[in-house]
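Report on the structure given below.
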Amino acid sequence: MSLTTMPSHAADSTRFDAPVLDVVVPVYNEEIDLEPCVRRLHAYLSAHFPYRFRITVADNASTDSTAEVARRLTAELPGVASVHLPEKGRGRALKYVWTHSDAAVLAYMDVDLSTDLGALLPLVAPLISGHSDLAIGSRLARGSRVVRGAKREFISRTYNLILRGTLSARFSDAQCGFKAIRSDVAERLLPMVEDTGWFFDTEMLVLAERAGLRIHEVPVDWVDDPDSRVDIKATAIADLKGIVRLLRAFGSGSLPLGTLREQLGRNPLPVAGVPAGLTGQLIRFAAVGAASTLAYLALYALLRTGVSPQWANLIALLVTAVANTAVNRRITFGVRGNDGAWRHQAQGLIVFAVGLGLTSGSLALLDHLSTKPSKVVELIVLILANLLATAVRFLMLRIWVFRARRVNTRD
């Protein structure tokens with residue numbers, strides 16, 4: 001699989017008569033629903049969409065008469081095209097049509113038209129104007145109106161919570177079959193998307209988010225199709241496998257997201273007097289630091305029952321320092337892959353030594369001032385010393401340990 005982020009054809013090859021919007025309807029054995037869907041969509045676009053459009057039926061390996069229906073619609077309706085792929089897979093069909101389309105904006109919707117078509121223009125308008133890079137219909141956004149059963153509602157919300165917990169996804173609805181993308185973004189982003197099935201949408205959105213692209217969300221009116229033939233169990237398993245695959249790819253740094261960010265990503269807005277990325281780094285470092293401090297205090301209190309204050313402080317600080325460096329490396333400063341990991345840990349231990357000097361020195365000073373300080377006073381002194389050590393740690397990590405990667409961090 002090619003991971004190039006360069007466009008597949010020159011920008012000046014776009015024809016002046018090319019459609020602004022290409023709406024893809026991926027289908028598999030939809031001989032009954034296909035015709036009413038395309039006719040309704042065509043009528044709506046003809047009456048309400050102010051730009052040139054195309055509707056492309058993407059038939060992926062149907063075994064019924066879906067292909068015949070698609071050919072007949074192509075012959076009867078202007079602006080309707082059809083493609084037949086010999087292999088099954090919704091993601092495969094979308095990727096094929098989108099990478100071969102000459103339209104400026106590429107969209108897709110499910111054949112059941114569960115999403116109200118009134119959301120189509122709000123979906124693609126930010127892409128036509130250049131304000132956003134991708135757009136998704138969301139059934140979970142404020143203002144959306146949804147009619148569906150409790151089971152599907154639970155599955156959808158659970159899936160999106162899993163995405164937030166594992167992949168740090170910030171978009172609200174990965175599964176709604178109502179999405180759009182700018183063609184120049186698709187040319188560079190889609191070569192990285194491996195999935196050919198239902199996880200295609202999620203993978204595309206996660207990669208776009210990691211590359212710093214702007215995702216526009218539109219609240220939609222959505223009515224569940226009771227005749228849906230999606231295999232929920234098989235789809236859930238495939239989605240979980242896709243999540244694991246992405247986690248491995250992000251951990252190894254095998255995806256050229258940095259290159260894509262340089263070409264298409266939106267850099268943080270400059271703030272006078274504040275270095276780029278500093279605000280986001282401080283927030284993430286504070287969160288990691290709070291967790292590290294709690295872990296340190298718990299470990300110190302546990303060790304203090306059997307060893308002296310100095311030994312308890314040394315062991316607790318060493319354990320949490322190694323973990324702190326690893327977590328800050330990935331989350332705060334955005335360093336991916338294993339390159340330089342041992343060097344960063346070695347430098348982190350030097351930073352740890354500075355923190356150890358501050359905390360141990362505070363304990364020694366306390367011991368000098370009071371022969372038998374209470375454990376409460378001991379903990380208060382350590383907390384104050386740790387606050388100072390934390391500030392020093394952040395400065396050393398930012399200026400020294402992860403200095404080379406600072407420009408690529410997420411705001």
Side-chain angles (χ1 to χ4, degrees), residues 7 14 18-27 37-38 40-42 44-45 48-58 79-81 83 90-91 93-141 143-144 169-190 192-193 195 198-209 211-222 260 264-266:
T14 303
V20 173
L21 174 67
D22 193 347
V23 182
V24 181
V25 182
V27 290
C37 161
V38 173
R40 178 184 165 194
L41 177 59
H42 188 272
Y44 180 86
L45 290 172
H48 302 287
F49 194 71
Y51 304 101
R52 289 187 301 274
F53 67 86
R54 178 192 299 130
I55 300 171
T56 302
V57 178
V80 175
V83 174
R90 186 187 67 162
L94 288 174
K95 188 173 184 178
Y96 178 85
V97 177
W98 280 356
T99 54
H100 288 80
S101 179
D102 57 351
V105 175
L106 312 165
Y108 95 87
M109 61 182 63
D110 292 335
V111 70
D112 57 20
L113 295 184
S114 294
T115 304
D116 182 72
L117 293 176
L120 183 58
L121 187 55
L123 182 82
V124 302
L127 308 188
I128 295 173
S129 68
H131 173 272
S132 299
D133 305 301
L134 297 89
I136 65 173
S138 175
R139 299 161 297 184
L140 303 179
S144 62
R170 296 189 297 275
F171 47 86
S172 66
D173 191 352
Q175 295 175 311
C176 182
F178 197 71
K179 295 182 175 69
I181 184 172
R182 288 199 346 243
S183 61
D184 58 324
V185 174
E187 285 178 337
R188 294 165 172 83
L189 179 62
L190 295 187
M192 301 184 195
V193 181
D195 191 80
W198 292 95
F199 190 68
F200 173 86
D201 302 50
T202 300
E203 184 170 356
M204 177 181 69
L205 292 172
V206 170
L207 295 181
E209 207 169 60
L213 303 181
R214 178 175 287 170
I215 301 174
H216 176 70
E217 295 198 10
V218 178
V220 297
D221 296 343
W222 194 88
L260 186 63
L264 297 173
R266 298 171 186 264

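FYI, side chains are in, hydrogens and waters are out, and symmetry mates aren't considered; it's all heavy atoms of this structure.
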Going by heavy atoms in the side chains, are [X] and [Y] under 4.5 Å from each other?
X      : Y      : value
Leu45  : Ile55  : yes
Arg139 : Thr115 : no
His48  : Leu117 : no
Ser183 : Asp102 : no
Tyr108 : Val25  : no
Arg54  : Val23  : no
Val24  : Leu106 : no
Leu140 : Ser138 : yes

By ring pair (Phe, Tyr, Trp, His ring centres under 6.0 Å) - contacts of Phe53 (at least two apart):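 Checked Phe53 against ring pair (Phe, Tyr, Trp, His ring centres under 6.0 Å); matches are His42.
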Can you tell me how far apart [atom1] ([X]) and [atom2] ([Y]) are? Round to the nearest 0.5 Å.
X      : Y      : atom1 : atom2 : value
Ser144 : Trp222 : OG    : CH2   : 11.0 Å
Phe200 : Arg90  : CZ    : CZ    : 8.5 Å
Leu264 : Leu189 : CG    : CG    : 8.5 Å
Leu213 : Leu207 : CG    : CG    : 9.5 Å

Would you call Arg182 and Asp133 a salt bridge, taking side-chain N to carboxylate O under 4.0 Å as the test? yes
Heavy atoms only: give me the nearest [X]-[Y] pair and the separation to one decimal.
X      : Y      : result
Asp116 : Phe178 : O-CZ, 4.4 Å
Val105 : Ala180 : CG1-CB, 4.4 Å
Arg188 : Leu260 : CB-CD1, 3.5 Å
Ala107 : Leu21  : CB-CD1, 3.9 Å
Val220 : Ala119 : CG1-CB, 3.9 Å
Thr56  : Asp22  : OG1-OD1, 2.9 Å

Is it the case that the side chain of Arg214 and the backbone of His131 share a donor-acceptor pair, with hydrogens and angles ignored and the cut-off at 3.5 Å?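 Yes, because the side chain of Arg214 sits within donor-acceptor range (under 3.5 Å) of the backbone of His131.
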Please answer whether the main-chain N or O of Arg170 pairs with a side-chain N or O of Glu209 as donor and acceptor at a distance below 3.5 Å. yes
Who pairs with Glu203 by salt bridge (charged side-chain N to carboxylate O under 4.0 Å, His left out), at least two apart in sequence or on another chain? Arg245
Show the numbers, then the answer: is there a side-chain contact (heavy atoms from CB on, under 4.5 Å) between Leu205 and Ile215? CA-CA 8 Å; Leu205 292 172; Ile215 301 174; 4.1 Å; yes
How far apart are the C-alpha atoms of His216 and Ile136, what are their side-chain angles, what is the distance that settles it, and do they pass the side-chain contact (heavy atoms from CB on, under 4.5 Å) test? CA-CA 6 Å; His216 176 70; Ile136 65 173; over 6 Å; no
Could you check whether atom OH of Tyr51 has more than 12 heavy atoms from other residues, nucleotides or ligands sitting under 6.0 Å from it? no
For Met204 and Ile181, run side-chain contact (heavy atoms from CB on, under 4.5 Å): C-alpha distance rounded to whole Å, both residues' side-chain angles, the deciding distance at 0.1 Å, then the answer. CA-CA 10 Å; Met204 177 181 69; Ile181 184 172; 4.2 Å; yes
Residue that, paired with Lys179, satisfies salt bridge (Lys or Arg N to Asp or Glu O under 4.0 Å) out of Asp201, Asp173, Asp110: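 Going through the options one by one, the only one that passes is Asp201.
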State, without any angle test, whether Glu187 and Thr99 hold a side-chain donor-acceptor pair at a distance under 3.5 Å. no
Salt bridge (Lys or Arg N to Asp or Glu O under 4.0 Å): which pairs involve residues 121-131, sequence neighbours left out?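 Output for this query is empty, none listed.
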